[in-house]
Amino acid sequence: MGSLVVSKSRTCIQHLCTPWVANPLYFRPALACLPQQNIMHAVRLIINPHTQYYSTKGDKQGTEKGFTPRTRRAFPNSVFTAGTAKRTAEYLKKRAGVDTEELSPLRARGSVKVALPDHPLTPSEWAKFKESSSKPERFEMQIMEGLLATNADVNIAKSLLAYVVQDKGTLSYELLLRYLTLCVSGGHHSEVFDTYDIMRTCFKTLDTGASSLFIKGFSQTERWREALVVLEGMKKALRPSPRNYSDAITGAALHGDTETSWRLYDELLELGLVPNQDTWQCLFQSGITQQGHEDKLFSVLSYMRDNQIYPEEPLIKTIKAWFESLPDQKWNGKFSYVVPSGECKNCKASLESIQLTEEEYAELKDKVMKKVIEGSDVFKKTTTEELNIFKSFVKQRPPFDIVIDGLNVANTTPKATHSETLLAVVLELEQQGLNILVLGRKHMLQPSRNWDRQNMNKIKQKAHCFFTENISEDDPFLLYAALHSGVHCNFLSRDLMRDHKACLPDSATRRLFFKWQRGHQLVISHYVPGKRVRFQRISAYDTIVQTSGSSWHIPYDENRGDRATYEVPQKWLCLTQEH
Ligand SMILES: [Zn+2]
């Protein structure tokens with residue numbers, strides 16, 4: 001260690017501080033930053049965590065929780081190659097369900113094509129290696145990114161850091177952050193702790209990237225409570241992400257503190273964040289091992305119902321296992337599907353109808369008119385004047401059977417121009433004898449390659465048309481026209497109108513809105529120019545989490561990302577109680 005003399009202390013300060021200064025929102029260099037000691041300290045910690053620096057650091061929290069250097073020893077090499085089988089199994093279990101793609105934005109750049117050493121190198125070996133590099137100025141970063149992308153032995157990364165410090169007298173923040181990413185994704189807990197000590201010594205606050213990595217890193221270890229401290233620190237500057245909460249919740253649950261998991265979960269909801277699948281997975285999992293949170297878990301299912309969220313495959317399996325684990329309730333889960341008439345193939349029960357009752361429809365219309373149409377914030381992209389013109393336009397015409405989101409529908413296929421596609425759709429619906437409203441933008445009336453004047457004239461002959469200012473938002477017009485026309489009126493759009501659910505005052509109204517949407521929204525399922533336009537059929541039953549008390553039906557996604565936003569899952573979990 002003695003050979004690692006750092007002489008350029010002034011450059012050090014500058015170097016260490018530059019990235020934070022460039023990003024002043026999150027960073028403030030600590031006043032007491034002593035670069036020389038810090039870098040020496042840093043490298044010693046990184047290279048040999050057994051040095052006296054642990055005790056001289058006065059790691060109070062660590063001592064309180066009984067973390068002696070002995071229990072905090074580094075994993076020897078990679079966790080995969082050198083850990084015990086048990087540790088590897090535990091690590092894999094913790095990593096299961098963790099989306100490493102989201103671990104850090106830095107990882108996305110990890111596709112570096114550079115030769116990597118397969119064992120730690122000495123500083124002189126690194127120096128020689130660097131000489132052969134085509135981009136010596138990016139050498140360290142490229143190697144570190146390469147190590148990260150291949151999940152390489154952490155000791156190679158350590159030897160690289162040692163070389164960089166010897167060569168430059170400092171470590172750049174970027175390099176340290178990538179090293180941290182490698183440690184967290186590889187489950188090298190001791191190295192994560194060391195990097196934490198370094199960063200806490202050098203910097204008063206941590207940025208989002210480092211904070212997120214520490215939350216994840218700590219959550220996997222006995223020091224999981226420190227993830228909560230990092231989360232608290234993060235909250236002072238900005239809103240943590242659902243992923244940050246997920247990691248912290250997982251940390252608490254994995255260590256048996258379910259109360260803390262639920263407290264964090266409530267906090268997440270209070271912040272208006274949408275929990276992710278991993279969070280629920282972890283909570284249902286903890287419900288299997290620890291009884292007593294049944295009400296909370298049933299409220300998670302209600303949340304999914306209210307917000308039209310569907311569990312993905314790993315989660316649905318855990319939900320099934322949780323139900324079946326409930327003592328004395330005799331739940332029996334089967335994966336099933338629903339026939340077009342709305343009957344569950346497994347238990348033969350009828351699912352909730354997609355049709356709204358008259359009362360429900362009246363309530364929805366009232367709320368949407370008040371909140372979405374009249375609501376001030378939604379119409380900031382249009383004017384009251386334009387809205388009033390539109391309202392009298394609608395009132396002067398007989399109720400429409402179908403309202404078309406013209407711009408959205410015109411974009412269906414690249415094989416035809418926009419106006420050709422829109423005309424084909426209008427002609428198809430006109431043949432069905434429907435009274436049609438096409439909503440469009442003024443720019444569609446300017447003849448261009450996509451917007452042929454003759455096609456537009458034909459559309460205007462076959463349908464009522466209203467063209468808004470080019471900057472106006474279409475959805476409120478569409479909702480107004482459809483709801484004003486009555487319960488029989490459908491609309492055609494590929495858009496899911498997600499923004500509007502946020503404007504609706506309560507979960508009951510949001511649920512009605514989803515239901516109305518699924519029961520009234522048509523989507524083009526197939527269109528080849530010159531052939532008939534085909535529409536996706538509106539389902540008879542409602543695809544939503546539902547219960548009758550003695551049964552539950554939960555639609556779920558079979559493959560993540562396989563479903564378009566306007567589609568609903570086809571697979572169901574059917575849960576029934578034995579009598
Ligand atoms: Zn069933």
Side-chain angles (χ1 to χ4, degrees), residues 1-19 34-54 73-82 106 109-183 185-186 188 190-195 197-199 201-202:
M1 282 330 100
S3 64
L4 297 174
V5 176
V6 181
S7 55
K8 305 174 223 163
S9 61
R10 285 223 168 262
T11 5
C12 253
I13 297 181
Q14 218 179 7
H15 198 105
L16 269 170
C17 296
T18 308
L34 301 169
Q36 187 161 339
Q37 281 88 333
N38 279 336
I39 292 305
M40 289 300 286
H41 180 75
V43 174
R44 283 182 186 168
L45 274 174
I46 287 168
I47 295 167
N48 183 2
H50 304 289
T51 58
Q52 52 169 325
Y53 288 89
Y54 264 115
R73 74 183 186 280
F75 276 147
N77 301 320
S78 157
V79 70
F80 293 109
T81 54
L106 299 173
R109 289 193 238 154
S111 55
V112 186
K113 287 193 178 65
V114 60
L116 296 169
D118 60 359
H119 61 276
L121 303 183
T122 64
S124 60
E125 284 172 328
W126 277 117
K128 215 179 264 176
F129 192 10
K130 186 174 178 175
E131 275 171 30
S132 69
S133 161
S134 58
K135 272 191 189 167
E137 69 286 355
R138 289 259 315 146
F139 176 75
E140 294 85 9
M141 286 298 286
Q142 276 200 335
I143 295 287
M144 195 60 94
E145 282 173 357
L147 294 173
L148 185 54
T150 54
N151 207 6
D153 178 358
V154 74
N155 287 312
I156 304 173
K158 287 184 191 182
S159 75
L160 176 66
L161 292 186
Y163 159 67
V164 173
V165 170
Q166 182 171 339
D167 188 45
K168 298 186 173 170
T170 185
L171 287 173
S172 76
Y173 170 77
E174 272 193 306
L175 195 63
L176 203 54
L177 195 62
R178 275 166 182 74
Y179 170 73
L180 175 61
T181 311
L182 176 72
C183 297
S185 67
H188 305 296
S190 178
E191 283 79 356
V192 172
F193 299 153
D194 295 339
T195 314
D197 292 341
I198 294 162
M199 286 195 165
T201 316
C202 290

Any idea which heavy atoms bring [X] and [Y] closest together, and the distance?
{"X": "I156", "Y": "W126", "result": "O-CZ2, 3.7 Å"}
{"X": "N151", "Y": "G186", "result": "OD1-CA, 3.9 Å"}
{"X": "C183", "Y": "V154", "result": "SG-CG2, 4.0 Å"}
{"X": "K130", "Y": "P136", "result": "CE-O, 3.3 Å"}
{"X": "P123", "Y": "Y163", "result": "O-CD1, 3.4 Å"}
{"X": "P120", "Y": "E125", "result": "O-OE1, 4.4 Å"}

Please identify each residue that fulfils side-chain hydrogen bond (donor to acceptor under 3.5 Å, both in side chains) with S124, with sequence neighbours left out.
T122
Minimum side-chain heavy-atom gap L171-Y179 below 4.5 Å:
no
Between E140 and R178, does at least one N-O distance fall below 4.0 Å, as a salt bridge requires?
no
Let me confirm one number: the [atom1]-[atom2] distance from [X] to [Y], rounded to the nearest 0.5 Å.
{"X": "E174", "Y": "M141", "atom1": "CD", "atom2": "CE", "result": "4.0 Å"}
{"X": "N155", "Y": "E191", "atom1": "CG", "atom2": "CD", "result": "7.0 Å"}
{"X": "L160", "Y": "D167", "atom1": "CG", "atom2": "CG", "result": "10.5 Å"}
{"X": "T181", "Y": "L147", "atom1": "OG1", "atom2": "CG", "result": "12.0 Å"}
{"X": "D153", "Y": "D118", "atom1": "CG", "atom2": "CG", "result": "9.5 Å"}
{"X": "H188", "Y": "L180", "atom1": "NE2", "atom2": "CG", "result": "11.5 Å"}

Applying side chain to side chain contact (heavy atoms under 4.5 Å, CB included), name anything that partners K128, two or more places apart in sequence or on another chain.
none
Candidate pair R138 and E145, rule side chain to side chain contact (heavy atoms under 4.5 Å, CB included), full reasoning:
CA-CA 11 Å; R138 289 259 315 146; E145 282 173 357; 3.6 Å; yes
